[in-house]
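Data block below; observations after.
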Amino acid sequence: MENALIQPLIAVLISSLIAIRSYRRKSLDLSGALAGFLVMSIHFAVGYRFGAMLLAFFFSSSKLTKVGEDKKRRVDADFKEGGQRNWIQVFSNSGIAAVLSVAIGNLTGWEDKCLESKDSVLITALIGGIIGHYSCCNGDTWSSELGVLSDDQPRLITTFKPVRRGTNGGVTKTGLLAALAAGTVVGLTFVLVGFFTTRCSDGMAMKQLLVIPLSAVAGLLGSLIDSLLGATLQFSGFCSVRNKVVGKPGPTVRKISGLGFLDNNAVNLVSILLTTLLTSIASRKKMEKTLIQPSVAVLISSSIAIIYYRRKSLDLYGALVLFLAMTIHFAVGYRFGAMLLIFFFTSSKLIEDGEEKKRRMEAGLKDGRPITCAIPQFLHFRKRVLLNSGVAAVLSVAVGCLTGWEDKCLDSNESVLITRLIGGIIGHYACCNGDSWSSEIGILSSERPCSDILGSRHSIVCYAEHMIDGSDVCNLYSVTIDEVGVAFLDCFASLLQRVRKGTNGGVTEIGYLSASAAGTVVSQTFALVGLHTTSCFDRMGMKELLVVPVSTVAGLLGSVIRSLLGATLQFSGFCLVRKKVVEKPGPTVRRISGRNYLDNDAVNLISILLTTLITSTACVYIF
C-alpha cells in the first residue's frame, strides 16, 4: 500500500515541478506545460525508468535547442526564441510512449518489469517500443540541432546533392553521429535507472545492457527515417524575399525538394511510429539476437534500394516503397525476405535482357522498363513495387503479429491461420515470379504465341502469316458469326490460335515452362534459407520440401490466370501506324482480343490475389 501511494505522489511532484520550471524558462508554453505534466505523470507512475528516459530527452533537447540561437535564427524560418514547444509538439514527441506506458501499467499491475520475453512477450515488446520511441525523438532532435551548427555541407539524403542548411531531408556526418549518441544516452539512462529501481535476476540484469546498442541503432534509424520522409513528402523551398529555406510554397519560393504532403509534426509522428514498431519487434526476440535481424533487415533493404535507385531501375518513390516492404519481410523472417529478393533480382535481370527485341514488339517499352503515356513514370514504378510486394507485406505483418515475430514452420497442426498466411506469401511470389518469367522469356522465344480465346461475340479475327522483308507481319481478316462456315474451320482448327507477340493472353510453351521454373526457384529459396534459419526441418522432416511442388504449380497457375484475364478482360489491338500491339483502342487500332475492362495492373493484382488464396488453402491441407 505504501509503494502504491509513494510512486504516484513522486510522479505528480516531479512532473509539476518540471512543468512549472519549463513554462517559466519558456521551453514550453502553457498548453505544452499542461500536456507535459500529464504525460510525465503517466511515465513516472508506471516506472521510474520511463520517466527518466522522458527527462533525458526533454532536458538534452531543450538545452541543444538554445545552443547557437543566432545562427539558427538566420537559417530557420520558423525559429522560436528558446525553442518554445506547444501541446502538439509535446504529444507528438511523447503521446505514443504515454499510451504504451498505460498499456504496460495495466498488464503489470503498475510494477516495473525487466526486458524478458520469456516472462511476457507483449510486455517486452511494449517496453522496447518506448525505448525506440525516445531514441528516435532524441536522435532526431540532436541530429537537427547539432547538424545545422556544424561546418559540414548538408546533403539531401535521397540524391546526396549539396543543399542549403535547414532543408528538410538534409543530412551531415555530425548530425548522424549526434543521432547515434542521442540514442545511446536514452539507452544508458534506461539501464542505469533500472539497476536501482527494477528487480531482475543476475543474468537478466546484465542482459539489460544490450538495450544500449539497441537504442543507439534506433536513434540513428529514427533520424534517417525522418530525413527520408522530410526529403520526399515534406516541402522545402528557398524564399528569395526572406532569404531562408521555408516549408510552404509561394510566389517568391523556389522549390528545393519534397511534395508538401506532410508538415514537420506529421513527419516526426510517422518516423516515431516506424522506429517504435521496429524496436518493439527487436525487443520481442531473444535478447541475445535483439539487434541482428532488424539490423540485417534495414541494412539489406537500404543497400538494395539505393543500388537500384542509382541504376535507375527504380525511381525515388519506388526505392522507398521497396525499402519498406523488404524491411518488413526480413523482420518477420529471412525466408520471406529471400523470396522477395529472388523475385526482384531475377525479374529485374530478365527485364533488362533482350531490350532491343522487346522494344520492337511492345508499345511503350523504354530502357527495359514499361511505362505508360497517361501517368508519370515515377507513379508507375511506385505502383509496380506496391503491386508485386504489397499483399505479401501485409501478410508478413499478420504472420509477425501472430508468431511474436519469430519464423514459424508450415504446420497446420500448430496453427492453421499461420500456415495459411505463410502459404499465401509463397503463392504470392510464385505467381509474381511466374508471370514475370513467362512474359519476359516467352516474348524473346522464336515460338509464335497462341491466344486463349476464339474471338469476340460478334466477330472472329483470324490471322494469316506472311513474311514481308524478313519481318513477321499478320494480315487481319474479319468474318461475322453468320458467315463462319468454312472460314471457321480454316481459321480455328483448334481452340488456341496464333497471335502477335505482345498480345495480352498470348501464351507459349516456353513461357509456361518458365513460369513453372520460376515458382520452383521461389520455393527452393524458401526451403534453403529456412534450412539455415529455422528448426523446421528438425521438426517437420522432409515434409517441408513439399513446398517445392506447391510453389511450382502456383507459378504455372498464376501465369495461366493472368493469361486468361488478359485475353478476356484486357484489350489488345494492332496499331496500323506504329505497327505494334497496343493496349488501348483508337481510330488506327484493330482489335485483336479482350474487352477494355481492366488495365495491366488490375489484371496482375487479381491474378496475384487468386493465386495467393488458392496456394494458402492448399498449404493447409498439405501441411
Side-chain angles (χ1 to χ4, degrees), residues 53 55-69 71-72 75-76 83 93 131-192 209-232 234 236 245 257 264 267-268 271-272 274-276 278-279 282 290-292 294-303 305-306 323 327:
M53 284 194 294
L55 288 183
F57 158 62
F58 178 71
F59 283 140
S60 64
S61 60
S62 298
K63 184 67 176 176
L64 288 177
T65 301
K66 296 177 181 178
V67 174
E69 286 188 342
K71 188 172 184 179
K72 292 175 184 175
V75 174
D76 190 356
N93 289 318
I131 295 170
H133 179 286
Y134 285 116
S135 297
C136 174
C137 293
N138 214 32
D140 177 44
T141 302
W142 284 37
S143 177
S144 58
E145 297 296 339
L146 293 178
V148 76
L149 296 176
S150 71
D151 295 329
D152 299 340
Q153 173 64 52
R155 293 181 177 275
L156 197 64
I157 193 170
T158 52
T159 62
F160 302 106
K161 293 180 179 179
V163 291
R164 290 179 177 272
R165 297 185 187 277
T167 302
N168 295 311
V171 297
T172 62
K173 293 180 182 179
T174 302
L176 295 178
L177 290 175
L180 197 66
T184 304
V185 167
V186 170
L188 191 61
T189 302
F190 179 87
V191 172
L192 290 177
L209 291 173
L210 289 172
V211 166
I212 298 175
L214 174 65
S215 62
V217 172
L220 178 61
L221 178 63
S223 179
L224 290 174
I225 293 174
D226 186 277
S227 298
L228 282 170
L229 292 172
T232 54
Q234 186 178 2
S236 291
V245 175
S257 64
N264 194 57
V267 167
N268 289 339
S271 62
I272 290 170
L274 290 175
T275 310
T276 300
L278 291 173
T279 315
T290 187
L291 291 175
I292 298 176
S295 299
V296 170
V298 172
L299 179 62
I300 294 177
S301 305
S302 57
S303 299
I306 291 172
F323 167 76
T327 301

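The shown structure was predicted, so the numbers you read here are calculated from the model rather than taken from an experiment. Values reported hereafter were calculated over all heavy atoms of this structure, with side chains retained and with hydrogens, waters and symmetry mates removed.
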Worksheet item: Mind checking whether Gln234 and Asn264 have side chains closer than 4.5 Å, heavy atoms only?
Response: yes

Practice prompt. Please examine the side chains of Phe57 and Thr141, heavy atoms only from C-beta on, and report whether any two atoms are closer than 4.5 Å.
Written response: yes

Using the test side chain to side chain contact (heavy atoms under 4.5 Å, CB included), find all partners of [X] that sit at least two apart in sequence or belong to another chain.
| X | result |
| --- | --- |
| Phe59 | Ile18, Arg21, Leu55 |
| Asp226 | Asp140, Val267, Asn268, Ser271 |
| Leu188 | Leu192, Ile212 |
| Val163 | Pro154, Leu156, Thr167, Ile256 |

Could you report the tightest heavy-atom contact between [X] and [Y], atom names first, then the distance?
| X | Y | value |
| --- | --- | --- |
| Trp142 | Ser60 | NE1-OG, 3.2 Å |
| Ser135 | Ala218 | CB-CB, 3.7 Å |
| Thr275 | Gly222 | OG1-CA, 3.3 Å |
| Val245 | Gly166 | CG1-O, 3.7 Å |
| Phe160 | Arg155 | O-NH1, 2.9 Å |

Fill in: Sidechain-backbone polar pair: Ser215 side chain, Gly183 backbone, donor-acceptor under 3.5 Å
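Looks like yes, one N/O pair under 3.5 Å.
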
Discussion item. Please check: side-chain N/O of Asp152 versus main-chain N/O of Thr174, any donor-acceptor pairing under 3.5 Å?
Written reply: yes

Hey, could you give me the [atom1]/[atom2] distance between [X] and [Y], rounded to the nearest 0.5 Å?
| X | Y | atom1 | atom2 | answer |
| --- | --- | --- | --- | --- |
| Thr279 | Leu214 | OG1 | CG | 5.5 Å |
| Leu176 | Leu224 | CG | CG | 6.0 Å |
| Thr189 | Met53 | OG1 | CE | 8.5 Å |
| Leu180 | Leu220 | CG | CG | 5.5 Å |
| Ile272 | Tyr134 | CD1 | OH | 9.0 Å |

Could you work out, with side chain to side chain donor-acceptor pair (under 3.5 Å) as the rule, every residue matching [X], not counting sequence neighbours?
| X | answer |
| --- | --- |
| Ser236 | Asn168 |
| Thr184 | none |
| Ser301 | Thr327 |
| Ser223 | Ser143 |

Discussion item. Working note: Leu64 + Leu146, criterion side chain to side chain contact (heavy atoms under 4.5 Å, CB included); need CA distance, chi angles, decisive distance, verdict.
Written reply: CA-CA 7 Å; Leu64 288 177; Leu146 293 178; 3.8 Å; yes

